[in-house]
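Note that the numbering runs from 1 along the sequence shown for the chain. It should be emphasised that the depicted structure is a prediction, and the values quoted were computed from it without experimental measurement.
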Amino acid sequence: MVALMLAVACACAQGPSAASAPSAGRVSGVVEDDQGALIPGAKVVLIAEGSSHKLTSGSDGRFCFEGLPAGSFTVTASEDGMADGMREGTLADAQQVELQPMMLHAGAVMSVTAMTQEQMATIQVRQQETQRIGGILPNFYVVYDANPQPLTKKLKFELGWKSVVDPANVAFVAVVAGFEQAGNQFPGYGGGPSGYGKRFGAGMADATVGTLLTGSVLPVIFRQDPRYFYKGTGSATGRTWYALKTTMVCKGDNGRWQPAYANVLGSFGAGAVSGLYYPGGEKGGMLMIENGLSALAFDGFSNVMQEFVLRR
C-alpha cells in the first residue's frame with residue numbers, strides 16, 4: 001500500500017518519463033577443463049528475468065551474452081562426459097561482467113542446467129526489488145515478466161517486509177504525519193513532539209499491518225499472489241477495466257484468476273486493527289469500513305497508474 005502511494009506521488013510530480021528504460025549489459029567468460037585447457041563448442045546457458053539465452057563457446061573457449069537487462073543471472077556451461085559448471089551474479093544497467101573461468105571436471109556428470117520453479121521465482125523477485133520510480137521510490141509489487149512464477153511463502157513475507165522498512169516508505173509516512181499534525185487531524189493525539197510521534201507511529205502501524213496482511217499473511221493462507229500483473233496491451237478501456245477489477249480478483253498460486261480474498265479481507269482487517277491505536281473518537285466500525293473502502297479505492301487508482309503511467 002505505502003509503496004503504491006509513493007509510486008503515485010512520484011508519477012504526479014515527474015510524469016511518465018520518471019522511469020527510464022534500463023540499458024543493455026553484457027556477460028562474458030571462458031570455458032575450460034580442470035587442467036586449464038580451453039573447451040570449444042561447450043553449451044552455455046544464461047537465465048535472467050525468467051528468460052533463457054543459449055550459445056556455444058568459440059574455438060578459444062570464450063562466450064559472450066549481450067543485450068541483457070539489469071538483474072540477477074545464472075550461467076551454466078556443459079559438455080558431454082563432464083560435470084557442468086555454474087556461475088551466478090547480478091548485472092547493473094549497461095554493466096559488462098567478465099566471469100571467472102567456467103571449469104568443467106571430467107568424471108561423474110551432474111546436471112544443473114534445469115532450474116526449479118522456486119529458483120526462477122527468486123530471480124524474478126530479485127528483479128522486482130530493483131524497481132524504483134525515479135530511482136528512489138520502491139515499486140516492488142508489479143510484475144512485468146512474460147512468464148511469472150508463483151511466490152513461495154518466504155518470498156511473500158520478504159516482499160512485504162522489505163516494502164515496510166524501505167527508507168523511502170518510512171520517509172513518506174513521516175511527511176504525512178507532519179501534514180496531519182499541521183492540520184490537527186486526529187486531535188486526540190494532541191500537539192507538539194508527542195502528538196507528532198503518535199501520528200507517525202499510527203502511520204507506520206497502518207503501513208505495516210496493511211502491507212503484511214494483504215501482501216504476506218493472507219496471501220499465504222489463501223494461496224494467492226498479491227502482485228499486480230502488468231497488462232500493457234489492448235485498448236485503453238480494456239486495460240482500465242483490467243486494472244480496476246484486479247482489486248477484487250487476483251491470480252492464485254496455481255496461476256488461475258479467483259476472488260481476491262486476501263486483498264479485500266486484508267484491507268478491512270487492517271482498518272479493524274487501526275481501531276486499537278487511533279484516538280477514542282476515531283474508533284469503531286465506521287473507522288474499519290472507511291479505511292477498508294479507502295484502501296480498495298486507492299488500490300484501483302494505483303493499478304490504473306501502474307498500467308498507464310508507472311511503466312518500467
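Counting heavy-atom neighbours within 6.0 Å of Glu98 CD, excluding the residue itself, gives a total above 12. For Arg87, the CZ atom is densely surrounded, since the number of other residues' heavy atoms within 6.0 Å is greater than 12. Atom CH2 of Trp241 is surrounded by 12 or fewer heavy atoms from other residues, nucleotides or ligands within 6.0 Å. Within a 6.0 Å sphere centred on OH of Tyr261, heavy atoms belonging to other residues, nucleotides or ligands number 12 at most.
No donor-acceptor pair closer than 3.5 Å links the side chain of Ser294 to the backbone N or O of Asn291. In this structure, Gln258 contributes its side chain and Val249 its backbone to no donor-acceptor pair below 3.5 Å. Formation of a donor-acceptor pair under 3.5 Å by the Asp33 side chain with backbone atoms of Gly36 is found in this model. The main-chain N or O of Gln149 is found under 3.5 Å from a side-chain atom of Gln124 such that the two form a donor-acceptor pair. At distances below 3.5 Å, at least one donor-acceptor pair connects side-chain atoms of Ser57 with backbone N or O atoms of Gly41.
Put simply, Leu137 and Met305 are part of the same group of oily side chains (I, L, V, M, F, W, Y) that touch within less than 4.5 Å, one to the next. Under the 4.5 Å side-chain heavy-atom criterion for ILVMFWY residues, no single connected hydrophobic cluster contains both Met103 and Met86. A single hydrophobic cluster is seen to contain both Val209 and Phe186, as judged by linkage of ILVMFWY side chains at heavy-atom distances under 4.5 Å, directly or through other members. Note on Trp257 and Val143: same hydrophobic cluster, where clusters join Ile, Leu, Val, Met, Phe, Trp and Tyr whose side-chain heavy atoms are under 4.5 Å apart, directly or indirectly.
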(request) Check the pair Val30 / Leu38 against side-chain contact (heavy atoms from CB on, under 4.5 Å), numbers first and verdict last. (result) CA-CA 8 Å; Val30 63; Leu38 302 176; 3.5 Å; yes
(message) Please evaluate residues Leu104 and Ile39 with respect to the criterion side-chain contact (heavy atoms from CB on, under 4.5 Å), reporting the C-alpha separation (whole Å), side-chain torsions for both, the decisive distance (0.1 Å), and the verdict.
(response) CA-CA 9 Å; Leu104 308 187; Ile39 302 179; 4.0 Å; yes
(request) Test Glu158 against Lys154 for salt bridge (charged side-chain N to carboxylate O under 4.0 Å, His left out), laying out the working first. (result) CA-CA 6 Å; Glu158 177 184 305; Lys154 177 181 178 182; 5.6 Å; no
(message) With side-chain contact (heavy atoms from CB on, under 4.5 Å) as the criterion, how do Met82 and Glu79 come out once you've worked through the C-alpha distance, each side chain's angles and the decisive distance to 0.1 Å?
(response) CA-CA 6 Å; Met82 307 185 78; Glu79 176 68 359; 4.1 Å; yes
(request) Just do the salt bridge (charged side-chain N to carboxylate O under 4.0 Å, His left out) check on Asp84 and Lys43 with the steps written out, would you? (result) CA-CA 10 Å; Asp84 297 352; Lys43 299 177 182 178; over 6 Å; no
(message) Would Val125 and Phe140 count as a side-chain contact (heavy atoms from CB on, under 4.5 Å) here? Give the steps.
(response) CA-CA 8 Å; Val125 168; Phe140 301 160; over 6 Å; no
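With respect to Lys231 and Glu307, no salt bridge is recorded, no charged nitrogen being found less than 4.0 Å from a carboxylate O. Between Arg62 and Glu32, no side-chain nitrogen of the basic residue sits less than 4.0 Å from a carboxylate oxygen of the acidic one, so the salt-bridge criterion is not met. Between Arg132 and Asp166, at least one side-chain N (NZ, or NE/NH1/NH2) sits under 4.0 Å from a carboxylate O, which counts as a salt bridge.
Glu118 pairs by the side-chain hydrogen bond (donor to acceptor under 3.5 Å, both in side chains) definition with nothing, not counting sequence neighbours. With sequence neighbours excluded, the residues satisfying salt bridge (Lys or Arg N to Asp or Glu O under 4.0 Å) with Asp253 are Lys156.
By the 6.0 Å and 45° rule, Lys251 stacks over the aromatic ring of Phe229.
Taking both residues in full, the closest heavy atoms of Ile289 and Phe268 are given as O-CE2, 3.9 Å, listed atom of the first, atom of the second, then distance. Heavy-atom minimum distance, Pro138 versus Ala168: CD-CB, 3.8 Å. What you find for Tyr196 and Ala174 is that their closest heavy atoms are OH-O, 2.9 Å. Here the closest non-hydrogen pair linking Leu159 and Arg227 is CD1-CD, 4.2 Å. The shortest heavy-atom contact between Pro150 and Ala121 is O-CB, 3.5 Å. Here the closest non-hydrogen pair linking Pro226 and Pro219 is CB-CG, 4.0 Å.
With contacts defined as side-chain heavy-atom distances shorter than 4.5 Å, the pair Gln128/Tyr141 does not qualify. In this structure the side chain of Gln95 reaches within 4.5 angstrom of the side chain of Leu91, judged on heavy atoms. Side-chain atoms of Met120 and Gln117, non-hydrogen and from C-beta on, never get closer than 4.5 Å to each other. Between Phe63 and Val75 there is a side-chain heavy-atom pair separated by less than 4.5 Å. Side chains of Val304 and Tyr242 form no contact here, defined as non-hydrogen atoms less than 4.5 Å apart. Looking at Phe200 and Val176, their side chains never come closer than 4.5 Å, going by heavy atoms from C-beta outward. Residues Val44 and Lys54 fail the side-chain proximity criterion, which asks for heavy atoms closer than 4.5 Å. At least one side-chain heavy atom of Leu99 sits less than 4.5 Å from a side-chain heavy atom of Phe73.
Within the model, atoms CD of Gln96 and CD of Glu66 stand 8.0 Å from one another, a figure rounded to the nearest 0.5 Å. If you take CG on Asp225 and CG on Leu151, they are separated by 4.5 Å, rounding to the nearest 0.5 Å. To the nearest 0.5 angstrom, Ile221 atom CD1 is 11.0 Å from Ser216 atom OG. Taken to the nearest 0.5 Å, the OG atom of Ser72 stands 6.5 Å off from the CD1 atom of Ile123. Separating the OG1 atom in Thr208 from the CG atom in Asn169 is a distance of 10.0 Å, to the nearest 0.5 Å. Note: Thr247 OG1 to Asn263 CG = 7.0 Å, rounded to the nearest 0.5 Å.
For the side-chain hydrogen bond (donor to acceptor under 3.5 Å, both in side chains) with Arg199, the lone residue among Glu180, Gln185, Gln181 that qualifies is Gln181.
Ring orientation note: the planes of Tyr189 and Tyr278 are tilted relative to one another, at an angle of 30° to 60°.
Using modelled atom types, one finds no donor on one side chain facing an acceptor on the other under 3.5 Å when comparing Asp145 with Tyr230. There is a side-chain donor-acceptor pair under 3.5 Å between Thr246 and Asn303.
Val175 shares a hydrophobic cluster with Phe179; the chain of contacts runs through ILVMFWY side chains whose heavy atoms sit under 4.5 Å apart.
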